[in-house]
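Proteins get letters first, then strands, A, B, ... in listed order; numbering begins at 1 in each. Since the structure is predicted, the reported quantities are computational estimates derived from the model, not experimental observations.
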Protein chains: 2
Amino acid sequence: MIAATRASLIAAAREAFGTIGYAAASMDDLTAAAGLTRGALYHHFGDKKGLFAAVIDQIDAEMTIRLRAVSARAADPWTGFRDSCAAYLAMAREPEIQRIMLRDGPAVLGDPWGWPLQNDCIRMMAQGLNELVREGVLAPLDPEAVARLIFGATQHAAQWIAHAPDPEAALRAATDAFDAMLKGLLRKPA
Amino acid sequence: MIAATRASLIAAAREAFGTIGYAAASMDDLTAAAGLTRGALYHHFGDKKGLFAAVIDQIDAEMTIRLRAVSARAADPWTGFRDSCAAYLAMAREPEIQRIMLRDGPAVLGDPWGWPLQNDCIRMMAQGLNELVREGVLAPLDPEAVARLIFGATQHAAQWIAHAPDPEAALRAATDAFDAMLKGLLRKPA
DNA sequence: TCAATTAACATACGGAGCGTATGTGAAAGG
DNA sequence: CCTTTCACATACGCTCCGTATGTTAATTGA
């Protein structure tokens, strides 16, 4: 039943980290909410950052699955890529993802380039881009560089959208601008 | 001489926050390094976050000045805009800016949309974009949405470049990809 | 000129929180 | 049946933040 213990701790941590944030989350309160004490925590995760890393891994895995599903549902690679970008833009508006993945994560665990799973997420994008470059759909650009630019743009834009006075209008404006920028990547301008 | 006291505290804090980070910076060590005690700190800045905000204001003001200078040096608005994007990309590679402005800042002070001066930085970009749209250089897109996308893209790409095995090659790849994306914003594809 | 107020700090204190060291009970293994 | 190990709980010390309380010097006002 150690898996259940770990899962309940991660669940409680995810709730706390996603709402009040990493710094304000007390390990005593966290473990008490899971019906345990800090002893269990340090036994399974080493320290507070270890638990936080476990939460990040879980969320990142979920995001990868969701993005993969969106991409697989599309007709061709290019629209699949565009759709997953839009899906990421939408996901990055969720408060839990914003708080844990975009804000506290990098500050606590250091740059996301140490995180194995976020790299998966980007690697998936870069692979799709690589194919598009090989097929001649995209101009011959470095796939990872493009993926990083798009990743950052969507992340930041999503936070802007979430805080905008009119989120729906902001989402439309961001999507339009994003589409325009993506067009610049195409080999032949549509 | 209260300005000197404030300045020395901010300088010490900037050094500490920029190297070991906000969470690991002890206020006792900080103030001792400035030849003071925590009493001075809480008198002038209220709390730890207040001092951090003062540091962020200072750095953000410096960044705005630097970007404005780059933009003013250009021949036409469009190249001025492109140059300041490139300058921001270069600035975001500086460890102090990465740590304080990009990583710890949002986590500690909340989303940057509450920060007055970072908004200045973006507003400057948005104003330049607005002019370009009016002049017909750019497609009719929402300037702030474009500014947000570019801001996020450069931020993220800069961190990628800083951590890449070959930063120079990564910078070139990112610049190429970035130029391509910017081309998508133009009304008439070059 | 001198008392009184305020500003600019230093000092002292309480409380919260993290990490570790230690204890305990149950399960597994010989 | 004994022992070892695992999965926790308990207890402790340490650091650090924020506040409350001095203390000194400058300024004000009569």
Side-chain angles (χ1 to χ4, degrees), chain A residues 1-58 99-100 103-110 114-115, chain B residues 1-58 99-100 103-110 114-115:
Chain A
M1 293 300 104
I2 63 174
T5 301
R6 282 180 60 95
S8 71
L9 280 174
I10 290 179
R14 183 169 171 168
E15 163 68 21
F17 291 152
T19 50
I20 61 177
Y22 177 83
S26 159
M27 306 303 268
D28 283 317
D29 299 350
L30 246 176
T31 51
L36 297 164
T37 66
R38 287 219 323 280
L41 213 168
Y42 286 94
H43 179 72
H44 285 290
F45 299 99
D47 60 352
K48 188 177 183 180
K49 287 167 74 171
L51 177 60
F52 188 63
V55 170
I56 286 200
D57 282 358
Q58 187 182 78
R99 183 88 213 212
I100 296 179
R103 279 169 50 192
D104 286 349
V108 174
L109 262 42
W115 315 358
Chain B
M1 293 300 104
I2 63 175
T5 300
R6 282 180 60 96
S8 69
L9 280 174
I10 290 179
R14 184 168 170 169
E15 163 67 21
F17 292 153
T19 50
I20 60 177
Y22 176 84
S26 159
M27 306 302 269
D28 283 317
D29 300 349
L30 244 175
T31 51
L36 298 163
T37 66
R38 288 220 321 282
L41 214 168
Y42 286 94
H43 179 72
H44 285 290
F45 299 100
D47 60 352
K48 189 178 182 180
K49 287 168 74 172
L51 177 60
F52 189 64
V55 170
I56 286 201
D57 282 358
Q58 187 182 79
R99 182 87 213 213
I100 296 179
R103 281 169 48 193
D104 286 350
V108 174
L109 262 41
W115 315 357

Nearest-Å distance, CG (B:L9) to P (C:dA8)? 13 Å
Using 30° and 60° as the class boundaries, would you call the ring planes of B:F17 and B:Y22 parallel, tilted or perpendicular? tilted
Measure CD1/B:I2 against C1'/D:dT27 and give the value in whole Å, please. 14 Å
Could you run through nucleotides 9-21 of chain D and give me one letter per nucleotide, 5' to 3': B if any protein heavy atom sits under 4.0 Å from the base, S if only the sugar-phosphate is that close, - if neither? BBB----SBBB--
Shortest non-hydrogen contact from B:R6 to B:H44? NH1-O, 3.6 Å
Nearest heavy-atom contact between A:T31 and A:L9 is CG2-CD2, 4.0 Å
What one should report as the nearest heavy-atom pair of A:I100 and A:R14 is CD1-O, 3.8 Å
Answer yes or no: does a side-chain N or O of B:H43 lie under 4.0 Å from OP1 or OP2 of C:dA7? no
side-chain contact (heavy atoms from CB on, under 4.5 Å), that's the test. Do A:L30 and A:L36 meet it? Break it down for me. CA-CA 9 Å; A:L30 246 176; A:L36 297 164; over 6 Å; no
According to a strict under-4.0 Å criterion, is B:T5 in side-chain N/O contact with OP1 or OP2 of C:dC9? yes
For the residue pair B:D104 and B:G21, what are the closest heavy atoms and their distance? OD2-CA, 3.4 Å
